Novice: 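Handing you a structure now.
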Amino acid sequence: TAAKILLAGGGMPADLGIPGQEHSINSDGFFELEALPRKVAVIGAGFIAVELSGIFNALGSVTSTFIRSDRPLRRFDEMLGTRLLEEMKSSGIEVVQEARLKSISVSKGLASGRRSKFQRLRLCG
């Protein structure tokens, strides 16, 4: 559950085209945050999503990263993506693989893209 969601998938912010997307922000919105979210979801597997996941995690947010494939940076060298996945998990980032976001709903000011509730959902694209 989160008030906003951020998409991080590559060079230009992506539009998810799903119900509830208006409750999210793209990667540009990261710089407009006024407070660090307690719990955040980052949706995307590109370098911006990976960066933001690492930043939120390092600053103390409970961080979940949702990726559509089996590893981040899938367009890069397979060994790089596999090693990065291991590092993300060992640093405490929850990585949800093979994820397909269908909608975002809001309850009590928090957005939810799956069973978990987040203070902030960040979709990076």
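The structure presented is a predicted model; accordingly, all values stated were derived computationally and were not measured.
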Novice: Can you check side-chain contact (heavy atoms from CB on, under 4.5 Å) on T63 and E94, steps first, answer last?
Specialist: CA-CA 6 Å; T63 306; E94 176 192 20; over 6 Å; no

Novice: Under 3.5 Å, which donor-acceptor pairs link side chains of residues 45-53 to any protein atom two or more places apart or in another chain?
Specialist:
{"residue": "S53", "atom": "OG", "partner": "A49", "partner atom": "O", "Å": "2.9"}
{"residue": "S53", "atom": "OG", "partner": "T65", "partner atom": "OG1", "Å": "2.6"}

Novice: Main chain of S91, side chain of N57: is a donor-acceptor contact present, judged purely on distance under 3.5 Å?
Specialist: yes

Novice: What I'd like to find out is whether the side chain of I18 reaches to under 4.5 Å of the side chain of L101, using heavy atoms alone.
Specialist: yes

Novice: Begin with the C-alpha distance, continue with both residues' side-chain angles, and end with the deciding distance and a verdict on side-chain contact (heavy atoms from CB on, under 4.5 Å) for K89 and I93.
Specialist: CA-CA 5 Å; K89 288 180 175 182; I93 297 171; over 6 Å; no

Novice: Rounded to the nearest 0.5 Å, what separation is found between the CG atom of L84 and the CE atom of M79?
Specialist: 12.5 Å

Novice: Taking it one step at a time, do V95 and I67 satisfy side-chain contact (heavy atoms from CB on, under 4.5 Å)?
Specialist: CA-CA 7 Å; V95 180; I67 61 176; 3.9 Å; yes

Novice: Within the distance-only criterion (no hydrogens, no angle test), does the side chain of R100 pair as donor or acceptor with the backbone N or O of R68 below 3.5 angstrom?
Specialist: yes

Novice: What residues form a salt bridge (charged side-chain N to carboxylate O under 4.0 Å, His left out) with E87, not counting sequence neighbours?
Specialist: R83

Novice: Mind checking side chain to side chain contact (heavy atoms under 4.5 Å, CB included) for T82 and listing every partner two or more places apart, or none if nothing turns up?
Specialist: R71, E78, E86

Novice: Going through the distances and angles, do S61 and L36 end up as a side-chain contact (heavy atoms from CB on, under 4.5 Å)?
Specialist: CA-CA 7 Å; S61 294; L36 181 68; 3.3 Å; yes

Novice: Taking the side chain as every heavy atom from C-beta outward, state whether V42 and S64 have any pair of such atoms under 4.5 Å apart.
Specialist: no

Novice: Using 0.5 Å steps for rounding, measure from the CG atom of D28 to the CD atom of E32.
Specialist: 7.5 Å

